[in-house]
Structure formats: structure tokens, C-alpha cells
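In what follows, every chain begins at residue 1, and chains take the letters A, B, ... in the order their sequences are listed. Only this structure's heavy atoms are used, side chains among them; waters, hydrogens and symmetry mates stay out.
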There are 2 protein chains.
Amino acid sequence: MGLTKTEIFSDQQNRIADLAKAFAHPARVAILQVLIAKKACVCGDLVDELPLAQPTVSQHLKELKRIGIIKGEIDPPRVCYCINETVWEEARQTFGTLLDSFVPATCC
Amino acid sequence: MGLTKTEIFSDQQNRIADLAKAFAHPARVAILQVLIAKKACVCGDLVDELPLAQPTVSQHLKELKRIGIIKGEIDPPRVCYCINETVWEEARQTFGTLLDSFVPATCC
DNA sequence: TTTATTAATCGCAATATTACGATAGAAAAA
DNA sequence: TTTTTCTATCGTAATATTGCGATTAATAAA
């Protein structure tokens, strides 16, 4: 089917999954790392930094914007992208809480 | 194409992406949460806990095993799944480091 | 106005993912 | 041995994702 049954999971579970998608592709990881490294926001130099075609980069940027973890400021003819501090913090909290919720115990 | 060009990204970037995939689907988030909640490892009750068919759950478990974040001990006819402490810690470190690497600055 | 520059979008092709019914396999229980 | 129980795998269908060439849109520059 390829259709995730989002309606049968909690909002929290769906949000975690969405936030994780921001990091679930190496190109998006690379994009985020570049945005972090260049403290100021990088514009279309992203295309130069990455071994991907411009439309492909643009598509990943769109996905990251959909998730909310980056934002783009239009400064024609360029667009300036940067990390969305609020959502980044949400991700930090979310994954922090989730990853800290496991307490090792004797198991299998 | 649908084919991620893994070879053009670093091992680190590919590993981050893979670890993120463990959390990038609400069903897998749910599975991991169940495994954490039942301190001991849960067997096939996962199917009862989740609103998904048994083959679907099995497929998600396979993906989680591929990533390494869970392990399954065969105890016929059951299989006992649990969090792989080592890989979970790797994820904690990985996402911790990544998410802490962003320092807010004046931007767009 | 014409020409660059930059980035989004369209359209397509290829592959991946998600889901599940049906089936198979493996071992315990009857 | 037959049956039951549990889980993996197969096969299939539907949708999603990834990637890119070509095009478009928007603005600045010439």
C-alpha cells in the first residue's frame, strides 16, 4: 500500500515520525549540517556544497520546511535558509525524552 | 529515481539517516515504546498492542533489526524482542551530539 | 526591454516503503 | 503423528520517495 495509517497512531507518535524524517535521509542530514556550520544562513550555495542537482536539493528543502525544522526567507532572487530554532528545540526535547526513556534491564 | 545515493554521503551521514529511520514511522515508534514500557521484552503481544496485521508488524521488526536497534531472541515458537542497549546508546549519542551542535544565532 | 541569476515546480522514471492475505516453517502440545 | 501456536516470508497492490532534465517565475542587472 505504501500508505502509512497515520490516523491509527497518536499525534505524538506521528510527530516523532515526522521529526525523524528530517534526519532519515543523508542528503537532508547534509543540508542541516551545512546550515549549522555556516552560522549565518546559507542560500543556494547548498547546491554547490552537495553532489545533487538543484531540483533535488530544492525538494529536500521543501520537505524540511514542511516538517518545520528549517525556514526560508525570500531575498530575491535568492532564498535564505536557516534552522528554525523553535522546531529544532522541539526535536531536541522530543528525541531527548524518547531516548532517555529506555532504562536498560535484564532482558533476552 | 527512489534510489538514495548513499555512496556520495559520508558513513556518518548514512548512519544518522539509518538510525533516524527507526523513528521515522509511527508504527516503529509505537513498537519501540511498547518494548520500553514492558521492561522485560515483549514477544508477539506486539501484534495485539498494535492495530496492524501480523506480517506488517513482522516487517517493521525486521527493519528495526536491520538497523540494529532491537534484537530478537528465539524461544520457540515465540521470539522475544528487546531494545539493543548498545545501539540505543549509539542513537542517544548520535542524536544528542547532532541536536546539540546547533547554536542559535541571528539569522534570516 | 533584454538578459542574467536564482530557486521553485512540472513531469517523468526508477526504486522504496507500507500493508496485508496466504503460505510456510519450526517447535510444543495433544 | 496430528494439531496447535507463533512468526517469518512470499506475493501482490498501492502509495511514497528520490532524482533530475526541462521549464517557469520572479527579480535584478545591463
Below the 4.0 Å mark, does C:dT18 have OP1 or OP2 next to a side-chain nitrogen or oxygen of B:Arg28? yes
Restricting to pairs with a member in residues 17-31 of chain A, which pass side chain to side chain donor-acceptor pair (under 3.5 Å), not counting sequence neighbours? A:Asp18-A:Arg66, A:His25-B:Thr4, A:Arg28-A:His60
Residue list, salt bridge (charged side-chain N to carboxylate O under 4.0 Å, His left out) with A:Asp11, at least two apart or on another chain: none
Those residues of residues 57-67 of chain A lying under 4.0 Å from DNA chain D by at least one heavy atom: A:Gln59, A:His60
Hits for side chain to side chain contact (heavy atoms under 4.5 Å, CB included) against B:Leu61, two or more places apart or cross-chain, chain-then-number order -> B:Ile31, B:Leu46, B:Val57, B:Ile70, B:Tyr81
Give the dot-bracket string for DNA chain C, reading 5' to 3', where a pair is Watson-Crick or G-U wobble with both distances under 3.5 Å, ( ) marks pairs inside the strand, [ ] marks pairs crossing earlier ones, | marks a partner on another strand, and . marks unpaired. ||||||||||||||||||||||||||||||
The side chain to side chain donor-acceptor pair (under 3.5 Å) partners of A:Gln54 (sequence neighbours excluded) come to none
Please name all residues satisfying salt bridge (charged side-chain N to carboxylate O under 4.0 Å, His left out) with A:Arg15, sequence neighbours left out, ordered by chain then number. A:Glu90
Once you apply a heavy-atom cut-off of 4.0 Å, does B:Ile74 come out as touching a base, just sugar-phosphate, or nothing? nothing
With the sugar-phosphate defined as primed atoms, P, OP1 and OP2, and the base as all remaining atoms, what B/S/- string results for nucleotides 22-30 of chain C, 5' to 3', for protein heavy atoms under 4.0 Å? B----SS--
Between B:Thr56 and C:dC20, does any side-chain N or O lie under 4.0 Å from OP1 or OP2? yes
By salt bridge (charged side-chain N to carboxylate O under 4.0 Å, His left out) - contacts of A:Glu85 (at least two apart): none
Just jot down the ring pair (Phe, Tyr, Trp, His ring centres under 6.0 Å) partners of B:Phe102, sequence neighbours excluded, or say none. A:Trp88
By side chain to side chain donor-acceptor pair (under 3.5 Å), B:Ser10 pairs with (sequence neighbours left out) B:Gln13
